[in-house]
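Structure first, commentary second.
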Amino acid sequence: MEGEADNQRSVLNLVAVFEEQWASKFQWRDKQPPYGQTAPAASQPQQLPVSPTSRGQSLSQMAARHQAEEEDEEEEEQQGRQGLSFKCLRSFRHKIREDNWRRQQDPGLELGSKEPEEKKIALELLETEQAYVNRLHLLDQVFYTELMKEAKNGKTVPEEVVKMIFSNISSIYQFHAKFFLPELQKRMEDWSCNPRIGDVIQKLAPFLKMYGEYVKNFDKAVELITVWSEKSPPFQDLIADIQKRKACANLTLQHHMLEPVQRIPRYELLLKDYVRKLPPESPDRDDAEKALEMIFMVAKHSNAAIAEMERLQNLWVVYQRLGLEDDIVDPSNELIKEGPIQKISTRNNSTSEKYLFLFNNMLLYCVPKVIQVGAEFQVHLRINVDSMKVRELNDAQFPHTFLVSGKQRTLELQARSGEEMNAWIKAFQDAIDRKEKRSETFKTAVHGLETGTPALKTEELGRRAPQWVRDNLVTMCMRCKEPFNAIMRRRHHCRACGYVVCARCSDYKAELQYDGNRLNRVCQECYVFLTGHLVLEDREGKHKGILEKGAAEVSGKSLLCSSLQLLDKNGKGGTRGWFVIPQDDPLVLYIYAAPQDVRAHTSIPLLGYQVRDLPQGDSRHLFQLVQSRQVYTFVADTEELKQRWMRTMARSAAGITHPEEGEDMDSCDEAE
């Protein structure tokens, strides 16, 4: 856990560096108060209960000094209005010490040497949560509300721009203000008789999935603030007016918007410290350790959202340099290495300068354009990484030479030095290894046969005919989870376990005892089990992703599940799928393409949504989930099913996790 936690700690450290660079760029004299300290009580838009460790008096003096400095710096205020570049998250590249963000208590505010260490940390969590909810209140109820009001009056910017800037901040605020903070306050009040917070943290973890959307949208939101501040003076003036209020503590809108990006790593570090200080016999140890694991996975998901956003930005810049050719632009690509290289000609023994872009799935062999209008390079050749080979050449005439051999072409290339040659060879080999690893994803039958689908016990594989999973119950390969299509990825059945798999995952044959020991088509996992060949990759010990819950598995233990139709934005068409609210994740709606799929294609955190009934039209039973700018419209098969979904969703949206009295816990309609 130590190594993984160190890796996950990076987001917090990078954010701290970003704040330091950001403050330097705009010459801010007042930096954000250390986390765990709030602005003066009078400055808060909403009075929330304050813990015994509140630091109101010293912070009031600090805010007064900051206010005096701000009034003396008109130019500084003007720079603060303009915000920061939308490329700001790229400064998440340096690290600082982990402990820098933790607050330094004044001597007079010590919790007391007699207090248990774990209680001090729990109180710190409560205090920081109160400060965080105040920041969320400022973002949602002040900035968003007032900007949206002016947008509706047509005085500043379009309403859609305001909605895009604040993303799903309303859902985040409602969850923390109405659910998590009250639960935490109640638990701390009862600490003497129930000294534990692990179970409360466990309730928090599922809802942190909603932070992924906010983090991915953050860069675009900052860009929109900058662009529209230049386009619309009333928009800029309104933001500047709000920023002058005491509630903002002399910080800009963008500074406050950074708070949700920071919050998840801080939960992880606080909880890690809490678990470390717990006595071995503590009744909270099991719950706290489980909560820490859940927060770790959510933090990993948030880190992935930041990395994905940066990857797409970098990829878009590369595509622009290549002229945005349709057959090259693909958001799923990953740039591994780029740089100049010398191409050796086999005809005249000369070299010419070229430029390489190595992606995870292809090599682009380019030449610089003489007249760089619209594009910097012209693509001459594309070589697939699949089946590619690379090796060093011993050439006395051309030192530092290596060979790249692919299906489309073989290239002799010369680097400028031995170090550069080795770097290129390593990059090529890494790309080749990753491609082969993805194509050869094996897992043993014991771990591969997941629950919820009709399958034989491992000792029966090959001895008796399996029950085949029906084609219409799955939309993706039950092994590699890649989606099926009518042309490139067709459905096949493994004759050993009965799973529906793609051609790549079933390109094996094994003798099956129930078929007279004749060779039959089987999937990779069954082939490994039946033949005893070595497994190239074992997935044991890997954590499941947020959406990697089998539909059949969660449907068997759900508050409600059935087929529904989710309409598109125009309400004229949509997709039909399998919808589930699990018992162990009762405030999240999971959406599957089919009832036997092994992975959900999306999920919706329900807390904070409103459930609306719509009049029946064209004999369709319609209802909606509505929150801020997000609207989901559903069609149920019957009026009775519609009412059941509306009741269940309304309870989940209100934070009620237990089923209604008399409601069947396994309330699922039969899959079609």
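Bear in mind that the values here come from a model prediction, so they are computed numbers and not experimental data.
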### Option among Asp241, Ile239, Leu238, Val162 that satisfies the side chain to side chain contact (heavy atoms under 4.5 Å, CB included) test with Glu146
Leu238
### Query
side chain to side chain contact (heavy atoms under 4.5 Å, CB included) with Arg651: which of Leu587, Ile656, Val611, Leu559?
Ile656
#### Entry: Working for side chain to side chain contact (heavy atoms under 4.5 Å, CB included), residues Ile242 and Leu253
CA-CA 9 Å; Ile242 298 175; Leu253 168 60; over 6 Å; no
Output the distance between atom [atom1] ([X]) and atom [atom2] ([Y]), rounded to the nearest 0.5 Å.
X      : Y      : atom1 : atom2 : value
Ile591 : Ser603 : CD1   : OG    : 8.0 Å
Met294 : Met297 : CE    : CE    : 10.5 Å
Gln185 : Asp190 : CD    : CG    : 12.0 Å
Leu184 : Phe179 : CG    : CZ    : 11.5 Å
Glu223 : Met164 : CD    : CE    : 10.0 Å
Arg263 : Arg135 : CZ    : CZ    : 11.0 Å

Within the structure provided, determine whether [X] and [Y] are in side-chain contact (heavy-atom separation under 4.5 Å).
X      : Y      : answer
Glu293 : Gln202 : no
Phe166 : Leu147 : yes
Gln610 : Leu625 : no
Leu606 : Val588 : no
Glu129 : Leu181 : yes
Gln243 : Asn250 : no
Val133 : Tyr173 : yes
Leu589 : Val580 : no

### Query
Quick one: do the Ser171 and Gln627 side chains pair a donor with an acceptor below 3.5 Å?
yes
[X] side chain to [Y] backbone, donor-acceptor under 3.5 Å:
X      : Y      : result
Ser282 : Asp284 : yes
Arg434 : Asn360 : no
Thr128 : Leu125 : yes
Ser167 : Asn217 : no

Which residues satisfy the side chain to side chain contact (heavy atoms under 4.5 Å, CB included) test with [X], sequence neighbours excluded?
X      : value
Lys149 : Asn153
Lys178 : Gln174
Asp199 : Arg187, Arg196, Asp287
Leu335 : Val318, Glu338, Phe357, Phe359

Can you name the nearest heavy-atom pair linking [X] to [Y], along with the distance?
X      : Y      : value
Pro586 : Ser652 : O-OG, 2.9 Å
Gly198 : Ala291 : O-CB, 3.6 Å
Met210 : Asn168 : O-ND2, 2.9 Å

### Query
Salt bridge between Glu127 and Lys120, side-chain N to carboxylate O under 4.0 Å?
no
### Query
Do Glu289 and Arg285 meet the salt-bridge criterion of a basic N to acidic O distance under 4.0 Å?
yes
### Message
So, using side chain to side chain donor-acceptor pair (under 3.5 Å) as the criterion, who are the partners of Ser170 when residues are at least two apart?
### Response
Asp140
### Task
Can you sort out the partners of Asp286 under salt bridge (charged side-chain N to carboxylate O under 4.0 Å, His left out), two or more places apart, ordered by chain and number?
none
### Message
Are there over 12 heavy-atom neighbours, none belonging to Lys277, within less than 6.0 Å of that residue's NZ?
### Response
yes
### side chain to side chain contact (heavy atoms under 4.5 Å, CB included) between Phe579 and Tyr590, intermediate numbers included
CA-CA 6 Å; Phe579 294 69; Tyr590 288 86; over 6 Å; no
### Over-ring placement of Arg276 relative to Tyr274, 6.0 Å and 45° cut-offs
no
### Query
Is the Tyr132 ring parallel, tilted or perpendicular to the Tyr211 ring (thresholds 30°, 60°)?
parallel
### Task
Please report the C-alpha distance between Ile197 and Met188 in whole Å, then the side-chain angles of each, then the deciding distance to 0.1 Å, and finally whether the side chain to side chain contact (heavy atoms under 4.5 Å, CB included) criterion is met.
CA-CA 8 Å; Ile197 59 171; Met188 294 310 300; 4.2 Å; yes
#### Entry: Working for side chain to side chain contact (heavy atoms under 4.5 Å, CB included), residues Tyr609 and Ile604
CA-CA 10 Å; Tyr609 276 88; Ile604 303 174; 4.1 Å; yes
